[in-house]
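Because the structure is a prediction, the values reported are computed rather than measured. Whatever order the structure lists them in is the order used to number ligands and atoms, beginning at 1. Just the heavy atoms: all of them, side chains too, but no hydrogens, waters or symmetry mates, feed the values below.
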Amino acid sequence: MKRNTCSACQFPLNTCVCSYIGPMIENAIDIIVMQHPSEVKVAKNTAKLLSLQLSNVTIYIGENESDFNALRTRCADQRVALLYPNDQAHTLISNNNGTVKLDAIIVLDGTWKKATKLYQLNQWLHALPSFKFDTCHASEYTIRKSKHKYSLSTLEAAAQFLDIADSCDTSALYQLQAGMVKEQMKLMPADVKARY
Ligand SMILES: [Zn+2]
């Protein structure tokens, strides 16, 4: 481990998020994050925040089908669905529609472009039942701007899914993300900050 990294949250010491971590959230439906290797070192990536706040979350890192063999085995043994707005995706509505029977949901991490690439490279994902959100909530995630107006961070996508399909209280997740944004903003020069 690097000397300037917080041993608890793994963020650099100057952007440590430990003071924003709330009580562990006991989510019933596991969150599975598929992460492209290029996202691992991204300072503003929100997937690692999920690990700090959710009791049931696993991050699988890879790009091609063979990288995800362990996850594919898991999908064969469990009831796993994908959170991705493909043509056959079911719309998630409150009080859920079928999601109660799920063991886990897969969230594709990173920018929209990277998530789409992961989806295209992993044909096995296309065979899973899929879900999408009905309305696009405005993202509070201001650091990683996206060309897609309604693009959610990985954390927000997971939290919104749990808000609809799981009975746990996800407010600590949003607070943790807001804390991370606050810490990262401190490091930005004033002229850059003004653009957000
Ligand atoms: Zn820390």
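- In this model, a donor atom of one side chain and an acceptor atom of the other lie less than 3.5 Å apart for Asp169 and Ser171.
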Donor-acceptor pairs are to be reported for all side-chain atoms of residues 125-132 against protein atoms at under 3.5 Å, with residues two or more places apart or in another chain.
| from | atom 1 | to | atom 2 | distance (Å) |
| --- | --- | --- | --- | --- |
| His126 | NE2 | Tyr119 | O | 2.8 |
| Ser130 | OG | Asn86 | OD1 | 2.7 |
| Ser130 | OG | Asn86 | ND2 | 3.3 |

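- With a cut-off of 2.8 Å, the protein N/O/S atoms near the Zn ion (ligand 1) add up to 4.
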Name each donor-acceptor pair under 3.5 Å that joins a side chain in residues 13-25 to protein atoms two or more places apart or in another chain, with its distance.
| from | atom 1 | to | atom 2 | distance (Å) |
| --- | --- | --- | --- | --- |
| Thr15 | OG1 | Pro12 | O | 3.4 |
| Tyr20 | OH | Glu183 | OE2 | 2.5 |

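- For the residue pair Thr91 / Asp134, no side-chain donor-acceptor distance below 3.5 Å is found, with atom types taken as modelled.
- Residues that satisfy the side-chain contact (heavy atoms from CB on, under 4.5 Å) test with Ser167, not counting sequence neighbours, are absent from this structure.
- Looking at Thr58 and Leu71, their side chains never come closer than 4.5 Å, going by heavy atoms from C-beta outward.
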